[in-house]
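Letters go in sequence order (proteins before strands), and every chain restarts at 1.
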4 protein chains.
Amino acid sequence: MLDLRSDNTAPVAPEVFAALARANEGHDTAYGADRWTGHLKSELAAVFETEDFDLVMAITGTGANALALSILCPAWGAVVCHPLAHVVQDECNAPLMFTGGASWLTVGDPFGRMSADDVAKGLEGYHFGSMHSAQPKVLLAAQASERGLVWSVEETKAFAAVAKRHGMMMMLDGARFGNALARTGASPAELSWKAGVDAMVLGMTKNGGMAAEMILLFGQARSAAAPYLRKRSGQVQSKGRYLSAQAIGALEGGKWLERAAHANAMATRLSEGLVRLGARLLYPVEANLVFAVLPPALQAKLAEHALFYPGYENGGTRLVTSWSTPPEAINQFLARAA
Amino acid sequence: MLDLRSDNTAPVAPEVFAALARANEGHDTAYGADRWTGHLKSELAAVFETEDFDLVMAITGTGANALALSILCPAWGAVVCHPLAHVVQDECNAPLMFTGGASWLTVGDPFGRMSADDVAKGLEGYHFGSMHSAQPKVLLAAQASERGLVWSVEETKAFAAVAKRHGMMMMLDGARFGNALARTGASPAELSWKAGVDAMVLGMTKNGGMAAEMILLFGQARSAAAPYLRKRSGQVQSKGRYLSAQAIGALEGGKWLERAAHANAMATRLSEGLVRLGARLLYPVEANLVFAVLPPALQAKLAEHALFYPGYENGGTRLVTSWSTPPEAINQFLARAA
Amino acid sequence: MLDLRSDNTAPVAPEVFAALARANEGHDTAYGADRWTGHLKSELAAVFETEDFDLVMAITGTGANALALSILCPAWGAVVCHPLAHVVQDECNAPLMFTGGASWLTVGDPFGRMSADDVAKGLEGYHFGSMHSAQPKVLLAAQASERGLVWSVEETKAFAAVAKRHGMMMMLDGARFGNALARTGASPAELSWKAGVDAMVLGMTKNGGMAAEMILLFGQARSAAAPYLRKRSGQVQSKGRYLSAQAIGALEGGKWLERAAHANAMATRLSEGLVRLGARLLYPVEANLVFAVLPPALQAKLAEHALFYPGYENGGTRLVTSWSTPPEAINQFLARAA
Amino acid sequence: MLDLRSDNTAPVAPEVFAALARANEGHDTAYGADRWTGHLKSELAAVFETEDFDLVMAITGTGANALALSILCPAWGAVVCHPLAHVVQDECNAPLMFTGGASWLTVGDPFGRMSADDVAKGLEGYHFGSMHSAQPKVLLAAQASERGLVWSVEETKAFAAVAKRHGMMMMLDGARFGNALARTGASPAELSWKAGVDAMVLGMTKNGGMAAEMILLFGQARSAAAPYLRKRSGQVQSKGRYLSAQAIGALEGGKWLERAAHANAMATRLSEGLVRLGARLLYPVEANLVFAVLPPALQAKLAEHALFYPGYENGGTRLVTSWSTPPEAINQFLARAA
């Protein structure tokens, strides 16, 4: 069976597993003072072309998002984001717990899109400075988004500009940041701090990792409180080397971008094939997620050969590819369905 | 250098790493509905001789303790434990965050000991039923304790009895439960639910794992809220199979008990040797931790050949052994120091 | 100047102030075990025609709403309500703080209306039972609403029915419950527990009180945890008699309903006069709030003689009457503006 | 019956009630922008001889303490205080809830005493800068203390000095600050900011008020976040004038100090009389609280004529006087008991 349920059902990529094996030698300092974590900081400095950042390791995507927000947003603050954002829909209130009660201020259309203009309009007339209203402190965009949309450098700059205008931090949920890079061709720096991003979660789990997420705090977002907030959140892996080793295995030689590009290509191939077979795409396919309305017969056929989740908004079916989706399985399925 | 800083500086045991490698085959369901987690539930039922329990996986020791307490203790409750407990001293307020503000009610002498009598005395005259006072809801004992002490079956029963008398849940922080089993020779069931324990953290990280902790909720402690509390805590590993695989690798064939027995034996050998060289033990060595006052010359000698932490109460130096402490390194060190 | 800014700008009604004076005699037990609070419990039993309820006193409206939600909703829960609800818009995240991180699930049109159908539709396809999604546990309706709308007994029953269907508690934010009673002519029991309401805030502050709110927990909503949750929330007035005395002063002889009826009548008179002068009402005037689009000349005229807040949605101006709005001032103003 | 249970069982003093009556005229702005609150700020500036402070009104003592701590202490912080402090013993975890999970670090002997040396010793070797340990951020002393002890200007300076040395804020729980002033003869400024106090709760409730507490934030403790933290805590009284009017009624003409001096004098007279009758004082009587071991016959006699609480540590009985304790009742009782 072809597994298109999520990029989380994929195994760990060989280069990541090999890094874990290499890290599994002898004793090393616990709690992130190990050699691998030191090396990772340098690697990230090279990848992001800056030394002006703090690295805060986290283990799970939910943990990383919630912890990052707890660093950026006070308990009396609000996080501006799309109503379909992962943090709103899929984390069972974790960000509210970690921040001590910050709330959402959702903007954008009901279908996964959010523009800088949507944000600006959503904040028009907002009671900034009134003690009765939670104060917007973070603008959060998922890159790529939960519906597989990717923001360009220009769009990112526009988000950051409206954030700045209102004294908010600009944060990316980058669980699929690799996919966004692969799609846009922009460099990590161009698509983050150079575009005005203050903080981001850089996820490796969905892109070939086992369980490894990084929070990057750029410039003004650097925080002396972060280590304490991280520890109290249960996101400090005592044998920290195995967390950093995963990231190094993925980053070294740019392997993570190859992996993401493969996932993107598989989604594109799949979506093009499905469209030829009568499917209607609900969103442009810009990363590794396909949302489509499938003709019933096609959906039934697909269900014989693949695992996936139906039931999304507007009658949509979700199909997710990953670093380990085999091209031949996609081809084979499309051939059978034809 | 012999590394005696912590059992967290040790690498992952071969059987655990092998299980990770076996788990790294093809796709599997995410979020804990995978084959490995199902298998783990059965394995634990066999190990603990009961089906009447819920398994809640966690990733870090702090996450596991805090999450377990959030299941057992309301925000207006208090957790009775020793002032030197890991939850109090070493988790940067995580349990307070996870419970929404439950507090500590510490009992016992200042030196790591806590008896059922201490608990009973500590609760004498407590304002049970008064809205002004946080209500004691959980009695928490570390097994083995932070100072390397192990509670016998009888002592555990006495703890549970005083807990019951006051309507409290009895919980074990079992980050080193394997060491306690290896020491007492009791079965996992005898040292837990059969002795009246309602809930426990069963840690594998310190005993050869990478990052894998289990919360076991027995009988009345089983909880329909646990999955939600876990998710919002950021402790759900999306690729859950790698969490369960670690535990299976450790549990299968009783390997974890061998590993713990080895660590215990190394601590005993080390402590006996140090005593012969003039050290004074601050606590009996019952698990894999040695707390001793070392003559300055001995301490200096030790520092040439080993890593460890001085600076504990009463002039104590802490030496921790693990599954990977080589016997010959202990022997060699003792020979050199003589 | 005629003050139409809020019912909070009004003074304390004479019968309430007199009750405070009567309470100010000699010593009395602190923390709610005083004679006045005992008397209030009986008074409420008579007013609500039941003994099957718990009374939890609170001081502020925000405190009362947030405390009530913390009794009814777990930290991993969601509260279903209108996006313009006071709890969402005007309490600076208090309910999120008090519940430990519960979230909102907003339903209804953007203009203050919410029907049982809106709730049912909003919950269609919701991921009940999935650990990734906050679980809806409370349906909250303001009676009267923030836009001055009143729910009939039938509408309340419909809300309660959809709440029950999904295992949720039905709660009323009754900061203006008196106004709703005065409007509908229903009895307190008919408009609350007899219609399926599980819990409500019964506010007296806006209706002639100084600072006095009551949480009523009916039947299944009664809670042994409530006193502790209240105390930790800082809502326990040590000299509790002065809290209960206010409520007694208002309730005795049904004075509160007269006061509310007066406020309602003033809003009706004002709105009718404004409509004659060219204003367009944005909502039907069912309680003591008028939302209207005023011709600029009329708005300017009004501003010469009255205090009020413009700037609401759809170009609306808000005018609030209270127990102390003088009829002659309304008449006079309308005459001048004509 | 002579009521010696608490200063909370006393009624509202005439000058405070009269101020409430004066405030009950016409309409006034809600939420603290009223004329009374403005006047109070000036009054406090005169009383404390400074303009460099923020005033944050609160309603209850628990609310005020918890809110003040939430302004001063991050969720990963610790508050250093005495184990018998009101915040630890009598507020059902409120400060933990308000701060989002800050913890206590208790110092001092078990009998209500705490010196700057105790604090210094308690912090010796503390893991400042380690992410595993909650970081001490506030030193909190009750003035007067829960056991009726008063800190002199010199002692206060010593506290503040040790706080500064460790980067902590120095805060006073001044629920009985008036009693401390009356005892020491120091000015409010001398006993607060001039001695290095950064923040304090200035309570009026126990000293003749109805429900009125003030948080004063001096100099570096001033906080732009305070209004939001206050609002989300449910401590904003919508008809704010009644909160400020109480304080003005008490402060005007120094009436609060007369009231406190009376309460102190009554405690002294009572304690001296009891000692003559065989009682043994557990603490020197420095404010309005007497803790004494009474001979059984005396205790029985006392119980015939007065209400009070036995059962304190070391067999102590607590007797609390207030602004309304009649001298003749004290004389009469002592005469009868003789």
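Atom CH2 of residue W104(A) and atom OG1 of residue T106(C) lie 13.5 Å apart, to the nearest 0.5 angstrom. Interatomic distance, T62(A) OG1 to H132(C) NE2, rounded to the nearest 0.5 Å: 8.5 Å. Between C92(A) atom SG and H127(C) atom NE2 the span is 12.5 Å, to the nearest 0.5 Å.
In this structure a side-chain-to-backbone donor-acceptor pair under 3.5 Å is present from N93(A) to G101(C).
Among A78(A), P95(A), A102(A), G100(A), the residue with the largest count of heavy-atom pairs under 4.5 Å with chain C is A102(A).
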